[in-house]
Amino acid sequence: MSTKHTIAVLVNDQPGVLQRVSGLFGRRGFNIESITVGQSEEAGLSRMVIVTTGDETTLEQVEKQLYKLIDVIKVINLSSKPMVARELALIKVKAEPSARPEIMGVVETFRASVVDIGTANMMVQVVGDTVKIDAMIELLKPYGIQELSRTGVTAMIRGNA
Amino acid sequence: MSAQTPEVRSTEQLREKWLKPEVITGSEILLRSLLLEGVECVFGYPGGAVLYIYDAMYGFEDFNHVLTRHEQGAIHAADGYARASGKVGVCIATSGPGATNLVTGIATAYMDSVPLVVITGNVATTLIGTDAFQEADITGITMPITKHSYLVRDVKDLPRVIHEAFHIASTGRKGPVLIDVPKDVSAATTLFQPDDRIQLRGYNPRTVPNKLQLDKLARAIEEAERPMILAGGGVIYSGAHEGLYEFVNKSGIPITTTLLGLGAFPSGHDLWTGMPGMHGTYTSNHGIQQSDLLINIGARFDDRVTGKLDGFAPHAKIVHIDIDPAEIGKNVPTDIPIVGDVKTVLEMLNPIVPYAAKADAWRDQISKWKAEYPFRYVDSETVLKPQWVIEMLNDTTKGEAIVTTDVGQHQMWAAQYYKFNQPRSWITSGGLGTMGFGFPSAIGAQMAHPDRLVISINGDGGMQMCSQELAICAINNIPVKIVVINNQVLGMVRQWQELIYDNRYSHIDLAGSPDFVKLAEAYGVKGLRATTKEEAQRAWAEALETPGPVLVEFVVEKGENVYPMVTQGSTIDQMLMGDA
């Protein structure tokens, strides 16, 4: 059964390491839904969080193939444990002054924030799990979304898990 | 090989010389580091971006550099050297086209897990990314076909990078490692500080298996009524052939060896069933399909071995021993996974392995099949049959030569009719199936074993893909016996077009090929031709008696097919057996 998996990959912060990882996914036919990369708690190491879909066998192959890369230090299947997963989206939505109060209502409900206001649009920032952001986008669609940018998921296992 | 006799020095004296901390160029660091890794021979081709490296090699006597006539020849030769010797093969090429000409050879080595260190030049770091003359992103191009790669941007990193590269290439599941050296890095000077530490947090190949899994395997052998061993190239690469011999003798389990596993087990042994798969023996394929316990030792369940996966070994409990965890469960679901170095695994397994006592009827069945279904062909007194030629090569050399092949029908016939008894005697491109590999790989094998007989068996197609390396044999007097099995056609393609594409022979006629005897002679290599059995025996005897390189062309039947054959999409017991 094909399901969504979130995996964290601790890698050497070396030139080309993103290419090695994404290239591996590409040539082995593994799907990448999102990928985020940034510093980790240790100097010289970066943490990638990759959301991928596939069955258990595919996931096992993904993990094993990742471990074959010399620059990969550790692979953790986050979604096998209780985790916190977040992404951030910036949404530029059409907002004539008359529509603004209604949009503000949606923003407040989602505990999102307005980070910029133009003459005829607003930029909304929303943080949350993927489902929340999907829902927010759905609600803003009727007003006219002019531009949308999502960071992709970053995630961690909960402290006591 | 060199005519000059270098100043004789002991290894210690030489090491002392190489280790000396001096301010030297990146190129000199490269050469010294190679020497410290034990390199005796490199294959290469110079060019603009490696001029500093070649300048450092001027008058250099500490290792042997073989100048090939094409970079592809260099890398296949390095590959043949590595497979024959068990050491790391090394080749050098320049940036851009020099580097891209290595790509096929790198992929060949990667697919067959051959340890290579591939050194390429690149344009200066200041020019990288500007589409400079002869610039190619070779680390990017080769990322999917190398075990690891380096682009060295600082000369100070060179000693560490080279040491790591040899470590990575030659440990765990072996493979090619590429080191890209920009021109300014090979020119820059620094204090040479040899680095013999390995600090690779992300690289810890597991060699020692889980003991509990070994116990499980021992119990499974006790219970098995129809056990079968499938042994592959991993046995040879880990030096486990003696352990395997003991394992088979103790357990009494019939054994099939894959194309890359030929030589891992003596072919004369009662329990050996030959090669499995697409052109394997009846006994091996039916043995696998009917087995209730299939023990894979260092093979990777390649599609040419398994045939249709759904329906492969349907009754068997699957045991898979492999150094690479990613191979386990990749193609075939596994019941007892054993991750470890084959040699270590067998050393731990042999003291506890039981005799498969319930398998008497099975062993009888196996020997009946062996007697009933050997490889067969219809011989002829009017035309030479390729199978007959291989049998003659086998008989006259008692199966003791190192044999390299190209890819196609002749490769399968060589695998079927040459009877190997020693590891590292059979060198063939199995995974990638690279035409043009057969001849240059023989040059490398001969460099590794100057005193052994090396036979390179080629088709008339593949021989033309790297024939320029005849020059290397002639100049260096490398005494490879080059066999061309000439059927004037791309035989394996012809066979598929006959059997699967309704005799629609599309673009397979090799009319216009050179006169191979004259081609050899043009390079100063002796050439001989045979069209009958008598001529064949005479020519081959002459070739064996001739001290240097010789090319012998055997003109054979055009329409001969390789049998048995399992067509794609069939399970491996659905075999076309041919007319014989």
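Excluded from the calculations below are hydrogen atoms, water molecules and symmetry mates; all remaining heavy atoms, backbone and side chain alike, are included. Residue numbers begin at 1 in each chain, while the letters A, B, ... track the order of the sequences.
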Given a strict heavy-atom distance threshold of 4.5 Å, which part of [X] is in contact with chain B: side chain, backbone, both, or neither?
{"X": "A/E60", "answer": "side chain"}
{"X": "A/L24", "answer": "neither"}
{"X": "A/L66", "answer": "neither"}

Taking side chain as everything from C-beta outward and backbone as N, CA, C, O, which of these in [X] sits under 4.5 Å from a heavy atom of chain A? Side chain, backbone, both or neither.
{"X": "B/R153", "answer": "neither"}
{"X": "B/S149", "answer": "both"}
{"X": "B/L151", "answer": "neither"}
{"X": "B/D324", "answer": "side chain"}

- Mind checking whether A/T57 and B/K330 have side chains closer than 4.5 Å, heavy atoms only? no
- Message: Would you say that B/M143 contacts A/R27 through its side chain, given a criterion of any heavy-atom pair below 4.5 Å between the two side chains?
- Response: no
- Message: I'd like to know if B/R201 pairs up with A/E42 as an ion pair, taking the criterion as any Lys NZ or Arg NE/NH1/NH2 lying under 4.0 Å from an Asp or Glu carboxylate oxygen.
- Response: yes
Might you confirm whether atom [atom1] of [X] has over 12 heavy atoms from other residues, nucleotides or ligands at distances under 6.0 Å?
{"X": "A/Q39", "atom1": "CD", "answer": "no"}
{"X": "B/D310", "atom1": "CG", "answer": "no"}
{"X": "A/K64", "atom1": "NZ", "answer": "yes"}

- Once you round to the nearest 0.5 Å, how far does OH of B/Y150 lie from CD1 of A/I70? 7.0 Å
- Query: Atom CZ in A/R20, atom OG1 in B/T139: separation rounded to 0.5 Å?
  - Reply: 7.5 Å
- Message: For the backbone of B/G202 and the side chain of A/K74, can you confirm whether one donor and one acceptor N or O come within less than 3.5 Å of each other?
- Response: no
- Query: Looking only at heavy atoms, what is the nearest atom pair of A/Q61 and B/A326, with distance?
  - Reply: NE2-O, 2.7 Å
- Message: For A/K68, run the side-chain contact (heavy atoms from CB on, under 4.5 Å) check against B/R173, B/K147, B/H148 and tell me which one passes.
- Response: B/R173
